[in-house]
Amino acid sequence: MALGAPLGARAVASDHPLEPVWGYGLASGAMVTSTALFLVPQALSQNGRFGSLGIAAGFLLGYVGHTLGHRFTHLDVPIDHTAAELTIHALSAGAIIGAIYTAMPSLTSVLGVALVAHKAPAGYAAARRLASKGRSVTALLLPAAAVGLVALPVGIIGVAPSSGLRGLLFGVAAGVFLHVAVDLLPECTTGSETCPADFEGDAHQLQDRLRTHAALSSVVGGVVVVLMWLLVG
């Protein structure tokens, strides 16, 4: 997240309509793919039944929190929906990662690449949203550090939860993150984050052009993660 956040904060200064489309497209494509390649298999391998339940629960938790959390937009709080959802994801993932690293230290490279693959684009997208609202990106310090803050004490203590609990926690983390990834897919509708409200020329033609770039950028983001997955696989 430390790699992606500065890029996201700096990207707000750009007024080119393709910049947010490619930024969000690359980030969301990478996040969806890394969830499918790294997080979902971990949840299901721990416990198929509870892992599947956790994925559904996490995705719905992200949606419900995002939808009902609209009332908090009227309050002056330093964290937005995306950052809050990323924090929930990181806390859940931290607990189970600490337990897994303790029992299976050989997974270091695989889980390390998995973390980088989805945390960097998440940091970019969340930082861009915060900066576009005039808020400090320091709000991302909590989700950025949450994995380590939970994983380290769990690993030191040597907590070994049951396979059902491991699957549930990994599933919730994967589901919440998948919701964040889907929410960040470029919409390219008038007035959205990825389509300017004021522009000159044919609006329909501009939206069609932006949609083409949105589709291409999301695929490119996914392909980059696939290449990383093949390297560590």
Side-chain angles (χ1 to χ4, degrees), residues 1 3-40 55-56 58-60 62-67 69-70 73 80-86 89 116-135 137 140 174-230:
M1 293 192 78
L3 292 173
L7 297 176
R10 196 166 51 211
V12 176
S14 175
D15 58 357
H16 197 288
L18 289 181
E19 190 281 330
V21 171
W22 271 89
Y24 280 144
L26 288 171
S28 57
M31 291 162 68
V32 169
T33 307
S34 61
T35 301
L37 293 179
F38 297 115
L39 302 181
V40 172
I55 293 171
F59 190 89
L60 292 176
Y63 169 74
V64 170
H66 181 85
T67 303
H70 173 72
T73 60
D80 73 340
H81 293 145
T82 302
E85 291 168 351
L86 288 174
H89 157 78
V116 173
H118 73 276
K119 291 294 184 183
Y124 170 89
R128 194 183 191 287
R129 281 193 168 181
L130 283 170
S132 66
K133 299 174 183 177
R135 296 182 175 182
V137 297
L140 295 178
V176 170
F177 196 77
L178 183 60
H179 171 266
V180 175
V182 172
D183 182 56
L184 291 174
L185 285 168
E187 295 180 9
C188 300
T189 56
T190 304
S192 68
E193 292 181 83
T194 51
C195 189
D198 300 321
F199 51 84
E200 298 179 358
D202 187 346
H204 183 73
Q205 183 179 9
L206 173 62
Q207 289 177 354
D208 283 345
R209 181 185 174 208
L210 293 178
R211 290 188 182 102
T212 300
H213 283 273
L216 180 60
S217 61
S218 61
V219 171
V220 171
V223 169
V224 171
V225 173
V226 170
L227 294 177
M228 295 177 64
W229 173 65
L230 291 174

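These values consider heavy atoms only, across backbone and side chains, with no hydrogens, waters or symmetry-generated copies. Along the sequence shown, residues carry numbers from 1.
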Nearest non-hydrogen partners of [X] and [Y], listed with the distance:
X	Y	value
G62	H179	O-CE1, 3.3 Å
L210	V21	O-CG1, 3.7 Å
L39	A174	CB-CB, 3.7 Å
P186	A214	CB-CB, 3.7 Å

Just jot down the side chain to side chain contact (heavy atoms under 4.5 Å, CB included) partners of S218, sequence neighbours excluded, or say none.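 Once residues adjacent in sequence are excluded, the partners of S218 under the side chain to side chain contact (heavy atoms under 4.5 Å, CB included) criterion are L185.
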Taking only residues two or more places apart in sequence or in another chain, which ones pass side chain to side chain contact (heavy atoms under 4.5 Å, CB included) with L60?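 Residues passing side chain to side chain contact (heavy atoms under 4.5 Å, CB included) with L60: none at all.
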CG on L178 to OG on S28, rounded to 0.5 Å: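 Answer rounded to 0.5 Å: 11.0 Å.
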Can you tell me how far the CG atom of L216 sits from the CH2 atom of W22, to the nearest 0.5 Å?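 So the CG of L216 and the CH2 of W22 are separated by 4.0 Å.
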